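Everything below concerns the one structure shown next.
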Protein chains: 2
Amino acid sequence: MQRSGTLHVRALPSGRIRRRTGRAEVSKRVRIEDVAAAANVSMKTVSRVLNHEPNVSAATRTRVEAAVEKLQYKPNPSARVLAGRRSYLIAMLYDNPSSNYLMEVELGILDACQSQHYNMMLAPLVYDAKDIVEKVEALVVQSRLDGVVLTPPITDDPALLERLDELDVPFASVSPMEAFRRIGVVVDEEKAVAEMIVHLAGLGHTRIAHIKGHPAHGASGWRLSGYREGLERAGLVFDDALVVDGEFSYDSGFAATNALLALASPPTAIFAANDDMAAGAICAICERGLSVPRDISVCGFDDTPIARHIYPTLTTVRQPTREMGRIAGQELLKAIRDRGAGGIVEVPYALQLRRSTGPAPA
Amino acid sequence: MQRSGTLHVRALPSGRIRRRTGRAEVSKRVRIEDVAAAANVSMKTVSRVLNHEPNVSAATRTRVEAAVEKLQYKPNPSARVLAGRRSYLIAMLYDNPSSNYLMEVELGILDACQSQHYNMMLAPLVYDAKDIVEKVEALVVQSRLDGVVLTPPITDDPALLERLDELDVPFASVSPMEAFRRIGVVVDEEKAVAEMIVHLAGLGHTRIAHIKGHPAHGASGWRLSGYREGLERAGLVFDDALVVDGEFSYDSGFAATNALLALASPPTAIFAANDDMAAGAICAICERGLSVPRDISVCGFDDTPIARHIYPTLTTVRQPTREMGRIAGQELLKAIRDRGAGGIVEVPYALQLRRSTGPAPA
DNA sequence: CTGTTAGCGCCTTCAC
DNA sequence: GTGAAGGCGCTAACAG
C-alpha cells in the first residue's frame with residue numbers, strides 16, 4: 001500500500017497505530033487522491049475509471065486501474081453516496097430463503113457489484129403476499145435502491161414490473177418468462193429438456209414420465225414444453241397419465257413418484273423438473289426395493305450439489321447459475337448508468353450425464 | 001480479493017420521490033441546519049442532542065427535540081459515517097464460498113445487524129494464503145470495518161487474531177478452538193459425537209469407524225475426541241485401523257470409505273465428521289452392492305439439507321447454524337459498543353436419528 | 001479526453 | 001454550556 005510522490009501522513013480518526021519490530025507504523029487508508037497521484041492524473045479521472053464512465057482513454061484507464069490494484073484502493077461508500085446522487089446500492093429480490101440456487105445467483109451478482117464498487121442487499125419476499133408491490137416500493141424508496149435484480153417467480157409479476165417502471169427503478173431479471181423479458185439473463189430450458197428427453201429415448205425408453213414444477217414458475221412451463229417437444233422429436237406419443245404435478249420440493253417429487261409407480265404400466269424413466277424432486281423420486285423408487293437406473297432411470301434439472309452427492313449420481317441439466325447472477329448484475333449496472341442500456345443475454349446449458357440414467361429394462 | 005456486499009437495509013432519509021403522473025416532485029431534505037435554525041441553536045447543539053451527548057441544558061434539549069419532531073428530521077447516515085468515527089459496517093470472513101453452512105451463518109449475522117442498524121459485508125478469503133493477515137488488514141482499514149465475524153477455520157489463526165487486536169478491531173468467532181475463545185458461539189461437539197457413538201453401540205455395533213475432518217479445522221479434533229470418548233463410554237476399544245483421514249469433502253468421504261471397506265474386517269458403522277463425507281460414504285457402500293443401513297450404518301454431522309435428501313435419509317447431529325450466526329453478530333455488536341463486553345455463548349445441539357443407521361448385522 | 005472548483009450533511013476540534 | 005470553522009472522501013458541474 002504505497003504511492004509514488006508525497007506521502008501524506010494523517011491522523012486517523014481512531015488513531016490506529018500498530019507496532020512491529022519496535023517501529024511504529026501508521027496504517028493509513030488510501031484515498032482517491034493517493035490513487036490519482038500514483039497514476040499521475042486528476043481525482044476526477046480516477047473517479048471516472050472507477051465508475052466505468054466514458055471519456056477516458058484506454059491508456060489512462062489501465063494506468064489508473066493498476067494504481068487502484070496496487071494500492072488496494074476501495075472507495076468510501078459514504079463519501080460516494082453523500083457526494084453523488086446515487087446510493088450505489090441494489091437489492092436482490094427473492095422468495096425462497098435458502099436454496100443453493102439463490103446462493104449462487106447471489107454470489108454472481110456480488111461479483112458484478114465488486115468491479116463497480118456497488119453494494120447489494122438481500123430482500124426476502126413472500127411471493128404470495130398480496131401487498132408485494134407495496135413492500136417492494138417501500139424498500140426501494142427507503143433504501144434508495146439504484147436498481148433491483150428479480151429472481152423467479154418474482155420476475156413475472158406484471159403489477160410489480162409496472163410499478164418499478166413508474167418509480168424509474170431499473171431492474172434485471174433472472175430467467176423471466178417471455179412476456180417480461182427486458183433486461184436480464186435466460187437459458188433455453190426448453191431446448192435443454194428436449195435434448196434430455198431425446199437422450200432418454202435413445203437409451204430405449206418409451207414410457208418417459210414428467211414431474212412438473214411449481215405452477216407459478218415460468219420454468220415449469222418451459223420444462224413441460226421441452227418434455228413434449230422431446231417426445232415428439234423422438235417419435236414418442238404424449239401420454240397424459242405420465243405427467244404429474246410437483247412443486248419443486250423434495251417431498252412433492254417423492255409423492256409424485258409414488259403416484260407414477262402405482263400406475264398400471266409405470267414409466268421406465270422419469271424427468272423431474274428439478275433436482276430436488278429427482279432426489280425425492282429416487283428415494284421413492286428405492287423404498288419400493290427398485291433400483292435406479294436398472295429398473296427406472298431418473299433425471300433432474302439444475303445440477304445442484306445434491307446431484308453429485310446422492311446415490312446414484314444424478315443425470316441433470318446444468319445452468320450456469322453464478323454466471324447468470326453475474327450477468328444480471330452487469331446488465332442492471334449498465335442500465336443504472338444509462339437508462340436504455342442493458343438487454344437480455346442468453347447463456348448456454350449443458351447436459352450432465354451421470355449414473356441415474358441408463359438403458360431401458362428389457 | 002473480496003467481494004463485498006452490504007446486506008442490510010439502511011434507512012436513509014426520505015428525499016426525492018417521483019410521482020406516477022410523470023411529474024417529478026422534489027421534497028426538500030431537512031438538514032441539521034434547518035433544525036438548528038428552528039430551535040435557535042447551533043448545528044453542534046442539535047448534534048449533541050441527537051447523539052445523547054452531555055453538555056446540553058434540559059431546556060435547550062427539549063427545544064431541539066421539539067424542532068426535530070416538528071420537521072421530521074432524520075439524520076443522513078452517509079454524512080454521519082463520513083464525518084464520524086464509526087462505519088456501522090462489519091464483515092463476515094470465510095474461506096468456503098458456497099456451502100449451506102455459511103449461508104445460514106450469514107443470515108443469522110444479518111439478523112443481528114438488522115436490529116442495530118448495522119451493515120454486513122462478505123469477505124471470502126483463501127485460508128491457505130500466506131498473506132491472509134495483510135489481506136484482512138487492508139480490508140479492515142479500507143472498508144473501515146467496525147468489527148468482524150470469523151468462521152472456521154479462520155477463527156484459529158493466532159497471527160490474525162493478534163493483528164486484529166493491534167488494530168483494535170473487535171471480532172467474534174463461530175466455533176473457535178478452545179485456545180482462541182474470547183467472543184463468539186460454540187457447541188459442545190465432543191459431547192454430541194460421544195452421544196452418537198453411544199447410540200450406535202446401543203444398536204449393537206462394535207466395530208465403529210470414523211472418517212476424520214479437515215485437519216485445519218478445530219471441529220475435526222472435537223469430533224475425533226468425541227468419537228474416542230463415545231467408544232470408551234460404550235466400553236468399546238479404540239482401533240487405529242478404523243480411523244481414516246478425510247477433509248470434509250464428498251470425495252474424501254468416498255475414498256475413505258473404500259479404504260475402510262477394503263479392510264480385513266470392515267466396520268459395521270461409520271461416523272463421518274460431516275454430512276458431505278457421509279454422503280460420499282453411502283455412495284461408496286452402495287456401489288459395492290451393500291446396503292445402508294442393513295449392512296453398514298452411516299452417520300454424519302451438521303444436518304445440512306442433503307441429510308434429508310439422500311437415500312436413505314441421514315442420521316446426523318444438528319447444530320443451530322443460523323442461531324449461531326445471530327449470536328456471534330450480537331456479541332460482536334456488544335463488543336463494538338463497549339470493548340470488554342461480549343463473551344462466549346454455548347448453544348445446544350440435537351441428534352437427528354434417521355434411516356441411515358440401524359441395528360448391527362447379525 | 002481531462003482537470004478544477006464547489007459542495008454533499010454531519011462530526012470534530014477548539015475556542016468561547 | 002455553547003458555537004464557529006474545518007474537514008471526512010467523493011462526485012457534479014463546469015471549465016479547458
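Sequence lines set the chain letters: A, B, ... in the order given, protein chains first and strands last, and positions in each chain run from 1. Quick caveat, the model's predicted, so the values are computed rather than measured.
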Heavy-atom donor-acceptor pair, R144(B) side-chain to dG9(D) base, under 3.5 Å: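 There is none.
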
So does R48(B) reach the base of dG3(D) with its side chain, donor to acceptor, closer than 3.5 Å?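 For R48(B), whose side chain was compared with the base of dG3(D), there is a donor-acceptor pair (under 3.5 Å).
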
Starting from [atom2] on [N], measure out to [atom1] on [X] and report it in whole angstrom.
{"X": "R80(B)", "N": "dC8(C)", "atom1": "CZ", "atom2": "C1'", "result": "16 Å"}
{"X": "Y88(A)", "N": "dC10(D)", "atom1": "OH", "atom2": "C1'", "result": "8 Å"}
{"X": "K44(B)", "N": "dG7(D)", "atom1": "NZ", "atom2": "P", "result": "17 Å"}
{"X": "R31(A)", "N": "dG7(D)", "atom1": "CZ", "atom2": "P", "result": "12 Å"}
{"X": "M43(A)", "N": "dG3(C)", "atom1": "CE", "atom2": "C1'", "result": "11 Å"}
{"X": "L82(B)", "N": "dC10(C)", "atom1": "CG", "atom2": "P", "result": "12 Å"}
{"X": "I32(A)", "N": "dT2(C)", "atom1": "CD1", "atom2": "P", "result": "15 Å"}
{"X": "E33(A)", "N": "dG9(D)", "atom1": "CD", "atom2": "P", "result": "9 Å"}

Please classify the nucleic acid contact of V81(B) as base, sugar-phosphate, or nothing, using heavy-atom distances under 4.0 Å.
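No contact.
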
Which atom pair, heavy atoms only, marks the closest approach of [X] to [Y]?
{"X": "V56(A)", "Y": "R48(A)", "answer": "CG2-CB, 3.7 Å"}
{"X": "S143(B)", "Y": "L89(B)", "answer": "O-CD1, 3.5 Å"}
{"X": "M43(A)", "Y": "A36(A)", "answer": "N-CB, 3.7 Å"}
{"X": "I90(B)", "Y": "C113(B)", "answer": "CD1-SG, 3.6 Å"}
{"X": "D146(B)", "Y": "P170(B)", "answer": "O-CD, 3.3 Å"}

Kindly say if T45(B) contacts the phosphate of dT2(D), meaning a side-chain N or O under 4.0 Å from OP1 or OP2.
->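 Looking at the OP1 and OP2 atoms of dT2(D), neither is under 4.0 Å from any side-chain N or O of T45(B).
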
query: Are S47(B) and dC10(C) close enough that a side-chain N or O sits under 4.0 Å from OP1 or OP2?
result: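 The answer is no; no side-chain N or O of S47(B) sits under 4.0 Å from OP1 or OP2.
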
Please check this pair: side chain of Q142(B) against backbone of Y73(A), looking for a donor-acceptor N/O pair closer than 3.5 Å.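 Answer holds: no.
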
Strictly by modelled atom types, are N51(A) and R80(A) linked by a side-chain donor-acceptor pair under 3.5 Å?
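The criterion, which ignores hydrogens and geometry beyond distance, is satisfied for R80(A) and N51(A).
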
(request) List in numerical order all residues of residues 51-59 of chain A for which some heavy atom is under 4.0 Å away from an atom belonging to DNA chain C. (result)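 By residue number: N55(A), V56(A), S57(A).
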
*asked:* The side chain of V41(B) is closest to which nucleotide in this list: dG3(D), dG3(C), dC10(D)?
replied: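 So the side chain of V41(B) is nearest to dG3(D).
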
*Identify which nucleotide among dC10(C), dC10(D), dG3(D) has an atom closest to any side-chain atom of S42(B), counting heavy atoms from C-beta outward.*
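Output: dG3(D).
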
